[in-house]
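We count residues from 1, following the sequence as given.
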Amino acid sequence: MAELANCQKCGAVFVKNIHSICRSCHEEEERCFQKVNQFLRKRENRSATKQEVVDGTGVSYDMVQTLIRKGRLQLRHFPNLYNICERCKQRTKEPWICHSCREEMKRDLANSEQQSKPAKRIDGEQRSSYRLQETLHKKNE
């Protein structure tokens with residue numbers, strides 16, 4: 001069954017599909033992408049900043065930022081375009097989080113998973129050995 005949703009940009013009701021925005025907003029976003037992409041494909045514009053892209057295309061700053069966040073613009077090809085890491089607020093060529101923050105988060109997640117794992121089960125022979133050691137320890141006290 002089709003799911004109805006409100007467009008995140010204009011608020012219009014639409015039948016939700018793979019996009020979280022309505023068809024008209026999606027088409028507008030696609031037109032903006034085409035303008036920005038054509039602008040940046042020109043050799044003289046490859047070193048443009050976000051503001052120069054805005055000035056040269058007429059596309060809003062927020063839309064350029066949206067295209068970057070969605071990964072539509074490959075920042076590694078454009079030396080003066082960057083994004084701000086959501087975690088550390090440093091410049092990055094990644095859509096949301098810089099490489100070092102992502103690696104740190106991976107390590108933290110791995111550590112928390114390691115800590116939350118239940119202790120290894122001890123087989124009967126090892127359990128007997130532990131009990132014997134515990135008994136001997138108590139007698140020596």
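Residues L40 and Y61 share a single hydrophobic cluster, defined by chaining ILVMFWY side chains whose heavy atoms lie under 4.5 Å apart. I68 and I21 fall into different hydrophobic clusters, where Ile, Leu, Val, Met, Phe, Trp and Tyr are joined by side-chain heavy atoms under 4.5 Å apart, directly or via other members. In this structure, W96 is not a member of the same hydrophobic cluster as L67, with clusters built from ILVMFWY side-chain heavy atoms closer than 4.5 Å. L75 is connected to F33 through a chain of hydrophobic side-chain contacts under 4.5 Å among Ile, Leu, Val, Met, Phe, Trp and Tyr, so both are in one cluster.
Residues V54 and V59 are not in side-chain contact: their nearest non-hydrogen atoms beyond the backbone lie 4.5 Å or more apart. Using a 4.5 Å heavy-atom cutoff, the side chains of E3 and V15 are not in contact. The closest side-chain heavy-atom distance from V53 to F39 is below 4.5 Å.
Between the CD atom in Q8 and the NE2 atom in H19 there is a gap of 12.5 Å [rounded to 0.5 Å]. Considering OG of S20 and NE2 of H26, their distance stands at 10.5 Å, rounded to 0.5 Å. Atom-to-atom distance recorded for C25:SG and K9:NZ is 6.5 Å, nearest 0.5 angstrom. To the nearest 0.5 angstrom, C85 atom SG is 12.0 Å from H99 atom NE2. Between N83 atom CG and R91 atom CZ the span is 11.5 Å, to the nearest 0.5 Å. Note that CG of N37 is 11.5 Å distant from OG1 of T57, once rounded to the nearest 0.5 Å.
For the residue pair Q38 and Q34, no side-chain donor N or O sits within less than 3.5 Å of a side-chain acceptor on the partner. With no hydrogens or angles considered, a side-chain donor-acceptor pair links D55 and Q51 at under 3.5 Å. For the 3.5 Å distance criterion, the side chains of N80 and E52 fail to qualify, holding no donor opposite an acceptor.
Contact record, R46 with P79: O-CD, 3.4 Å, taken as the closest heavy-atom pair. Counting all heavy atoms, side chain and backbone alike, I97 lies closest to R102 at O-NH2, 3.4 Å. Minimum interatomic distance between I84 and T92 (heavy atoms only, all atoms of both residues): C-CG2, 4.2 Å.
Other residues, nucleotides and ligands contribute only 12 or fewer heavy atoms inside 6.0 Å of the NZ atom of K42. Taking a 6.0 Å sphere around CZ of R31, one finds it holds more than 12 heavy atoms contributed by other residues, nucleotides or ligands.
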Task: E30 and R72: CA distance, side-chain angles, deciding distance, salt bridge (Lys or Arg N to Asp or Glu O under 4.0 Å) verdict - done: CA-CA 10 Å; E30 190 60 31; R72 301 283 313 268; 3.0 Å; yes

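Shown are E86, E29, E94; of these, the salt bridge (charged side-chain N to carboxylate O under 4.0 Å, His left out) with R69 is made only by E86.
For the pair K93 and F78, the cation-pi test (distance below 6.0 Å, angle within 45°) is failed.
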